[in-house]
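Here is the naming used below: chain letters follow the sequence lines, and residue numbers restart at 1 for every chain. Just so it is clear, the model here is predicted, and its values are computed rather than measured.
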There are 2 protein chains.
Amino acid sequence: MRNASKFANIFMAVKKERRSDCPISYVLDIFGDKWTFLVIRDLLLKGKKTYGEFANSDEKIATNILASRLVLLEEENIISKEKDPEKGSRFIYRLTKKGIDLLPVLIEMMKWSAVYDPDTRVPKATAEKARIDRDAFLNQILEDLKKNKYLLA
Amino acid sequence: MRNASKFANIFMAVKKERRSDCPISYVLDIFGDKWTFLVIRDLLLKGKKTYGEFANSDEKIATNILASRLVLLEEENIISKEKDPEKGSRFIYRLTKKGIDLLPVLIEMMKWSAVYDPDTRVPKATAEKARIDRDAFLNQILEDLKKNKYLLA
DNA sequence: AAATTTACTTGCATTTCGCAAGCAATGTGT
DNA sequence: ACACATTGCTTGCGAAATGCAAGTAAATTT
């Protein structure tokens, strides 16, 4: 099958090949830009669920970028997409287990920013709780997720 | 001081303004690309210390990109740079405390990849240890760092 | 003093981003 | 039934970032 890749390039979306077999690089191959992790944040910590809600984030992601990232995240099985049963013109995006399991990464990012961002908006008490008992903090967020409560909502 | 920013633009490097006050966004404003975290990985987990070593990473970063990222990381006080006392044509890059404190983020990325990358190169035993006792795993890496031993070297 | 090592810089083609506008499907009001 | 709004995208295009190859400069070795 010599020209299999050339064939695929013409007729279908082709997964970019990874740059190395390193686990850090695996994450960056998916999340190595300024936007993709923000979508996860919105889903996990802000309770956003629709295209319009993502598009209205504080950071003002461009709609074409947003659309391409949602496709990528769905292809990677990090999010799923379904029609809103209450409104067919709307779609609900959800995190899969693979997506929810990014929470520890986000929490460590938050902890780092809480320490080193001089203008952090992470409240002292929140930073303390995350630092003192990380697992409890993490489980609290997961519990809240089931109840539609969100840390950064 | 009305035209302070215009003034600064002409005569000096200007920090890009942040997109929001969100702690995740703070991290992404610095690390939101496919390369910057790899430099941290090389310093923290591979024991690389020089420009040439970074440039020879598996992922083959372009030298102009590498140079720009090293400048950025130094500006952010995440790394420091000094002449190699044993060879003046060479520079040694080191992580500051702020840089070393990114280790938890890297570890969580590794853990996630160990679970979800079907071709992960993280050994089962390593993944297990990181999962069962994260703090011990983290401290082990920090101890190893002092002895110039590295997890991914 | 020539050759090599090391750390970059420069020029240029390619890719991605970012903004604004447009479009299609569904939903709503009259 | 028909216009208008909402929602989720797509398209076009200028600007910025990336990626590659080649070049430069300082220190080191031979």
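The overall bend of the helix from C:dA1-D:dT30 to C:dT30-D:dA1, read as the angle between its terminal helix axes built from five base pairs each, is 10° when rounded to 10 degrees.
Applying side chain to side chain contact (heavy atoms under 4.5 Å, CB included) to B:L102 and the options B:I107, B:I30, B:I40 leaves one that passes, B:I40.
A sub-4.0 Å separation between OP1 or OP2 of D:dA17 and a side-chain N or O of B:R69 is absent.
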Check against side chain to side chain contact (heavy atoms under 4.5 Å, CB included), B:F37 and A:V27 = CA-CA 10 Å; B:F37 261 127; A:V27 171; over 6 Å; no
key: Stepwise salt bridge (charged side-chain N to carboxylate O under 4.0 Å, His left out) test for A:D117 and B:R18   = CA-CA 11 Å; A:D117 175 7; B:R18 35 193 314 194; 2.8 Å; yes
request  = Evaluate side chain to side chain contact (heavy atoms under 4.5 Å, CB included) for A:K111 paired with A:V115, printing each intermediate quantity in order.
outcome  = CA-CA 6 Å; A:K111 284 168 66 180; A:V115 173; 5.9 Å; no
key: Full working for side chain to side chain contact (heavy atoms under 4.5 Å, CB included) between A:K46 and A:Y150   = CA-CA 5 Å; A:K46 296 200 171 204; A:Y150 297 94; 5.5 Å; no
Verdict with supporting geometry, B:L142 and B:L138, side chain to side chain contact (heavy atoms under 4.5 Å, CB included) = CA-CA 6 Å; B:L142 291 178; B:L138 192 149; 3.6 Å; yes
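With rounding to the nearest 0.5 angstrom, the CG atom of A:L38 is 7.0 Å from the OG atom of B:S20. Going from atom CZ of B:R94 over to atom OG1 of B:T96 covers 12.0 Å, rounded to the nearest 0.5 Å. Here A:I79 contributes atom CD1 and A:I92 contributes atom CD1; the two are 12.0 Å apart, rounded to the nearest 0.5 Å.
Non-hydrogen atoms lying under 4.0 Å from DNA chain C are contributed by B:T50, B:Y51, B:G52, all within residues 43-57 of chain B. Listed in residue order, the members of residues 77-95 of chain B having a heavy atom less than 4.0 Å from DNA chain D are B:K87, B:G88, B:S89. Contacts with DNA chain D (heavy atom under 4.0 Å) in residues 21-35 of chain A: none are found.
Checked by atom type, the side-chain pair B:N139/B:E143 shows no donor-acceptor distance below 3.5 Å.
The shortest side-chain heavy-atom distance between A:L28 and A:R19 falls under the 4.5 Å cut-off.
For residues 47-56 of chain A, no residue pair satisfies the salt bridge (charged side-chain N to carboxylate O under 4.0 Å, His left out) rule, not counting sequence neighbours.
Here D:dC13 presents its P atom at 17 Å from CD1 of A:I65, a figure rounded to the nearest Å. Atom-to-atom, CG of B:N64 to P of D:dC20 comes out at 10 Å; the value is rounded to the nearest Å. With rounding to whole Å, A:L70 atom CG is found 10 Å from D:dG8 atom P.
Judged purely by atom type and a 3.5 angstrom limit, A:S68 uses its side chain to pair as donor or acceptor with the backbone of A:I65.
The side-chain tip of A:K129 does not point at the ring of A:F137 from less than 6.0 angstrom away and within 45° of straight on.
A nucleotide of DNA chain C counts as in contact with chain B when one of its atoms lies under 4.0 Å from a heavy atom; the first and last such, 5' to 3', are C:dT5 to C:dG11.
Here the closest non-hydrogen pair linking B:V122 and A:P23 is CG2-CG, 3.6 Å.
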